[in-house]
Amino acid sequence: MIKILDAGMRTTVQDFGRFGYLSKGLTRGGPVDEHAFLWANRLLGNNFNAAQLEITLGGLEVEFQQGGCFALTGADAEAHLDDEPLTLWQNFEVKAGQRLKVGYARAGLRLYLAVQGGFQVEPKWHSCATVERDSVGGLSGDGSPLQSGDTLHFHCDTPQPSRRVSWAYRSDYTKTPVLGLIPGYQYDDFPMSAREAFCYEDFEVSKDSNRMGIRLAGKALETPKQGLVSEGINIGSVQVPSDGQPIIMMHDRQTLGGYPKLGVINPVDLGKLAQLQPGQKVRFSRVEASVAQQQLRRFYQFFNVRLPCQGGDNLRS
């Protein structure tokens, strides 16, 4: 097991998410940066759905009470195993009694700590993903983040060969990302000025952003005049409330919304958005749905991601 000595700013248990329960009001949860999450599991030979710790901003300190292997990916932060500095985006062997300390992020916002075989946490609604808004998942099952003193179990397996992610496949969290917008059926209801502004102006990430939604600040967008009935909303939906400042819905979003929507952010780009710190800039560009589908298919095939075919099924490898 590992013992949490310091939970940092906010650390939660996340597997790939909870699927098939939107009709019950339960959102997906899961890692907001799928790229970093999936690489951490791949480095250890884990199933893509193996539970990890999502560390927001950093500050985590844990003690390994058994030997094993772990991997650390995501935001640029100092990390030490006892007194030895670690380079992220690779796997490591650890002995019982050693302590891992993760500093605060210098670039990026979230880190992912994976152990061989994944953390063993009892699932709720077929997932252990922590969703505080729904009061479900996580170590205690009630959506609470981890606290100092908590312990998590994992099964030590066979030793792993040393692996690292090439620089070509790591994200550069210092750059201003350009995210693809897939226009939705309400896109043409927005005035041309709003459509052009969203794709030609820079926006800034607000400090009020969280796992439910990323709030943007920039040129106010004019919204459609007609009222809307609340409807289901996807992860990545770009809602524009009456103040004209877009909100991009993330993994802990509510399941219904009534604001007009420009469309949906390309799923393979959402991890870049989730890693932006408050005050960082972001840009958008239109992308065709067919192109985004091909990109997502290749991305999931590379990491052997297999999602359930119907509500309530377990994720399959």
Heavy atoms only: give me the nearest [X]-[Y] pair and the separation to one decimal.
{"X": "Gly118", "Y": "Phe154", "value": "O-CB, 3.6 Å"}
{"X": "Ala40", "Y": "Ala71", "value": "O-CB, 3.8 Å"}
{"X": "Asp172", "Y": "Lys175", "value": "OD2-CE, 3.3 Å"}

Hey, is the main chain of [Y] close enough, under 3.5 Å, to the side chain of [X] for a donor-acceptor pair?
{"X": "Gln90", "Y": "Arg164", "result": "no"}
{"X": "Gln116", "Y": "Phe70", "result": "no"}
{"X": "Asn266", "Y": "Asp269", "result": "no"}
{"X": "Ser171", "Y": "Tyr173", "result": "no"}
{"X": "Ser166", "Y": "Ala168", "result": "yes"}
{"X": "Gln66", "Y": "Met1", "result": "yes"}
{"X": "Thr27", "Y": "Gly29", "result": "no"}
{"X": "Arg286", "Y": "Cys199", "result": "no"}
{"X": "Gln277", "Y": "Gly108", "result": "yes"}
{"X": "Trp89", "Y": "Arg170", "result": "no"}

Residue pair Ser285, Val178: steps toward the side chain to side chain contact (heavy atoms under 4.5 Å, CB included) verdict = CA-CA 7 Å; Ser285 177; Val178 180; 4.0 Å; yes
Asp83 CG: over 12 foreign heavy atoms closer than 6.0 Å = no
If you draw a 6.0 Å radius around CD in Gln120, do more than 12 non-hydrogen atoms from other residues or ligands fall strictly inside?
-> yes
Test: [X] and [Y] ion pair at under 4.0 Å:
{"X": "Arg28", "Y": "Glu34", "answer": "yes"}
{"X": "Glu231", "Y": "Lys261", "answer": "yes"}
{"X": "Lys207", "Y": "Glu204", "answer": "no"}
{"X": "Arg18", "Y": "Asp134", "answer": "no"}
{"X": "Glu201", "Y": "Lys281", "answer": "no"}

Excluding Met249, membership of its hydrophobic cluster (Ile, Leu, Val, Met, Phe, Trp, Tyr; side-chain heavy atoms within less than 4.5 Å) reads Ile233, Ile247
Between [atom1] on residue [X] and [atom2] on residue [Y], distance to nearest 0.5 Å:
{"X": "Thr223", "Y": "Asp243", "atom1": "OG1", "atom2": "CG", "value": "9.5 Å"}
{"X": "Gln280", "Y": "Ser209", "atom1": "CD", "atom2": "OG", "value": "11.5 Å"}
{"X": "Lys3", "Y": "Leu152", "atom1": "NZ", "atom2": "CG", "value": "12.5 Å"}
{"X": "Arg253", "Y": "Leu22", "atom1": "CZ", "atom2": "CG", "value": "5.5 Å"}
{"X": "Leu72", "Y": "Trp39", "atom1": "CG", "atom2": "CH2", "value": "15.5 Å"}
{"X": "Ile182", "Y": "Gln293", "atom1": "CD1", "atom2": "CD", "value": "7.5 Å"}

Check whether the ring centres of Trp125 and Phe19 lie less than 6.0 Å apart, and answer yes or no.
-> no
For the ring pair Phe203 and Phe198, is the centre-to-centre distance below 6.0 Å?
-> yes
Out of curiosity, does [Y] fall in the hydrophobic cluster containing [X] (side-chain heavy atoms, cut-off under 4.5 Å, transitive links)?
{"X": "Phe302", "Y": "Phe16", "answer": "yes"}
{"X": "Val238", "Y": "Tyr185", "answer": "no"}
{"X": "Leu111", "Y": "Leu57", "answer": "no"}
{"X": "Val32", "Y": "Met212", "answer": "no"}

Cation over ring, Arg42 on Phe48, under 6.0 Å and within 45°?
-> no
With sequence neighbours excluded, what pairs up with Arg215 under the side-chain hydrogen bond (donor to acceptor under 3.5 Å, both in side chains) test?
-> none
For side chain to side chain contact (heavy atoms under 4.5 Å, CB included), just list the numbers for Val240 and Leu262, CA-CA rounded to whole Å, side-chain angles, deciding distance to a tenth of an Å, and then say yes or no.
-> CA-CA 8 Å; Val240 185; Leu262 281 164; 4.0 Å; yes
Report the C-alpha distance between Phe92 and Leu100 in whole Å, list the side-chain angles of each, state the deciding distance to 0.1 Å, and finish with yes or no for side chain to side chain contact (heavy atoms under 4.5 Å, CB included).
-> CA-CA 11 Å; Phe92 304 93; Leu100 170 66; over 6 Å; no
Residues Gln14 and Thr12: side-chain donor-acceptor under 3.5 angstrom = yes
Could you name each residue pair satisfying side-chain hydrogen bond (donor to acceptor under 3.5 Å, both in side chains) that touches residues 96-115, not counting sequence neighbours?
-> Glu54-Tyr112, Glu63-Arg99, Asp76-Arg106, Asp82-Gln98
Determine the interplanar angle of the His35 and Phe303 rings, folded into 0 to 90°, and report it as parallel if under 30°, tilted if 30 to 60°, perpendicular if over 60°.
-> perpendicular
Please assess Val13 against Leu146 for the test side chain to side chain contact (heavy atoms under 4.5 Å, CB included), listing each intermediate value before the final yes or no.
-> CA-CA 8 Å; Val13 177; Leu146 293 173; 4.2 Å; yes
Result for side chain to side chain donor-acceptor pair (under 3.5 Å) between Asn41 and one of Thr73, Asp15, Asn46 points to Asn46
